[in-house]
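Scope of the values below: all heavy atoms of this structure, side chains included, with no hydrogens, waters or symmetry mates.
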Amino acid sequence: MTRPPWLLSRWTVVPGMIAVLVVAWTLYAESHNDGVITGAVVDGKGRPVPGATVLLLERGFVTHEERDRTRTDGQGRFRFSHNTSHSVQLEAEAEGLGRSDRRIVRLWFRAQNTDLAEPLRFKEARP
């Protein structure tokens with residue numbers, strides 16, 4: 001049985017590969033779009049900060065609007081659900097520690113689930 005010559009032509013193979021990649025990306029995005037953002041908050045020495053308030057700010061064209069806030073658990077971990085944006089900023093605040101620097105989080109697609117690789121960190125207190 002011989003194959004038709006057009007079957008291995010670049011005019012068939014390249015569009016076929018593009019179609020496979022588009023389908024794979026779409027399936028991945030659909031299975032990871034619950035809008036969950038998780039992470040941790042630590043002090044200047046790297047210790048978890050329980051009870052810190054974490055703000056989720058949605059980045060607009062020229063503004064940053066607060067969309068949600070949550071508190072860290074006993075291990076300094078936090079979780080946001082139902083994020084619908086693809087570009088947000090996170091910031092932590094705690095009594096006696098002040099505010100952390102804002103962390104820009106850019107996602108590949110809207111409502112992408114993500115776990116921050118680096119914790120939100122407060123500056124170390126000066127003696």
Side-chain angles (χ1 to χ4, degrees):
M1 180 171 174
T2 61
R3 279 181 242 181
W6 59 266
L7 191 60
L8 296 177
S9 164
R10 68 176 178 214
W11 303 106
T12 307
V13 173
V14 172
M17 294 294 282
I18 291 171
V20 167
L21 288 173
V22 167
V23 168
W25 177 254
T26 302
L27 291 173
Y28 175 81
E30 281 300 313
S31 63
H32 294 85
N33 69 346
D34 302 313
V36 176
I37 298 176
T38 58
V41 177
V42 297
D43 65 13
K45 295 183 179 181
R47 296 178 299 222
V49 179
T53 300
V54 182
L55 307 172
L56 174 79
L57 303 136
E58 186 174 317
R59 294 185 66 216
F61 187 66
V62 293
T63 62
H64 301 93
E65 274 189 63
E66 182 180 332
R67 292 292 181 208
D68 203 357
R69 62 175 50 210
T70 189
R71 292 182 90 49
T72 57
D73 63 14
Q75 289 79 41
R77 303 276 309 156
F78 66 87
R79 182 178 197 272
F80 288 103
S81 23
H82 309 299
N83 169 48
T84 59
S85 181
H86 66 279
S87 185
V88 297
Q89 288 188 353
L90 298 171
E91 179 180 74
E93 55 186 31
E95 192 172 324
L97 294 173
R99 290 181 174 229
S100 70
D101 289 334
R102 281 191 182 174
R103 169 84 49 85
I104 296 171
V105 180
R106 291 188 180 98
L107 306 172
W108 287 99
F109 52 89
R110 289 173 62 89
Q112 176 185 349
N113 298 343
T114 192
D115 185 33
L116 297 181
E118 291 291 320
L120 297 175
R121 186 177 301 274
F122 288 103
K123 291 186 180 359
E124 198 161 339
R126 295 190 176 137

Not counting sequence neighbours, list each pair that qualifies as a ring-ring contact (aromatic ring centres under 6.0 Å, His included) and has a residue in residues 33-53.
none

Do Arg121 and Ser100 pass the side-chain contact (heavy atoms from CB on, under 4.5 Å) test, and can you show the C-alpha distance, the side-chain angles, and the key distance before you say yes or no?
CA-CA 6 Å; Arg121 186 177 301 274; Ser100 70; 6.0 Å; no

To the nearest 0.5 Å, tell me how far Gln89 CD sits from Leu56 CG.
10.0 Å

Testing Glu93, Arg99, Arg71 for side chain to side chain donor-acceptor pair (under 3.5 Å) with Thr53, which one passes?
Arg71

Applying side-chain hydrogen bond (donor to acceptor under 3.5 Å, both in side chains) to Arg77 and not counting sequence neighbours gives Asp115

ring-ring contact (aromatic ring centres under 6.0 Å, His included): pairs with one or both residues in residues 79-104, sequence neighbours excluded
Phe78-Phe80

With sequence neighbours left out, the residues meeting ring-ring contact (aromatic ring centres under 6.0 Å, His included) with Phe122 are none

Using the test ring-ring contact (aromatic ring centres under 6.0 Å, His included), find all partners of Trp25 that sit at least two apart in sequence or belong to another chain.
Tyr28, Phe109

Output every pair passing side chain to side chain donor-acceptor pair (under 3.5 Å) with a member in residues 8-22, not counting sequence neighbours, ordered by first then second residue.
none

With sequence neighbours excluded, residues passing side-chain contact (heavy atoms from CB on, under 4.5 Å) with Val105:
Val88, Leu90, Arg103, Leu107, Thr114, Leu116

What heavy-atom pair brings Ala94 and Ala52 nearest, and what distance separates the two atoms?
CB-CB, 4.1 Å

Measure from the side-chain N and O atoms of Asn113 to the backbone N and O of Gly35, and report whether any donor-acceptor pair falls under 3.5 Å.
yes

Can you name the nearest heavy-atom pair linking Thr72 to Gly51, along with the distance?
OG1-N, 2.9 Å

If you look at every heavy atom in Val49 and Val42, which pair is closest and at what distance?
CG2-C, 3.6 Å

Quick check for you: to the nearest 0.5 Å, what is the distance between Glu66 atom CD and Leu55 atom CG?
5.0 Å

Is there a continuous path of hydrophobic side-chain contacts, each under 4.5 Å between heavy atoms, that joins Leu21 to Val13?
no

Any residue meeting side-chain hydrogen bond (donor to acceptor under 3.5 Å, both in side chains) with Glu58, in chain and number order, not counting sequence neighbours:
Arg67

Glu95: which residues meet the side-chain contact (heavy atoms from CB on, under 4.5 Å) condition with it, sequence neighbours left out?
none

Which value, rounded to the nearest 0.5 Å, describes the distance between Glu91 atom CD and Arg69 atom CZ?
9.5 Å

Under the rule for side-chain hydrogen bond (donor to acceptor under 3.5 Å, both in side chains), what residues qualify as partners of Asp73, not counting sequence neighbours?
none

Any residue meeting side-chain contact (heavy atoms from CB on, under 4.5 Å) with Val20, in chain and number order, not counting sequence neighbours:
none

If hydrophobic clusters are built by linking Ile, Leu, Val, Met, Phe, Trp and Tyr wherever their side-chain heavy atoms come under 4.5 Å apart, do Val54 and Leu97 end up in the same one?
yes

Are any of the side-chain heavy atoms of Ser87 and Arg106 separated by less than 4.5 Å?
yes

Test side-chain hydrogen bond (donor to acceptor under 3.5 Å, both in side chains) applied to Thr84 - qualifying residues, sequence neighbours left out:
none

When you compare the side chain of Thr70 with that of Asp68, does any pair of heavy atoms fall below 4.5 Å?
no

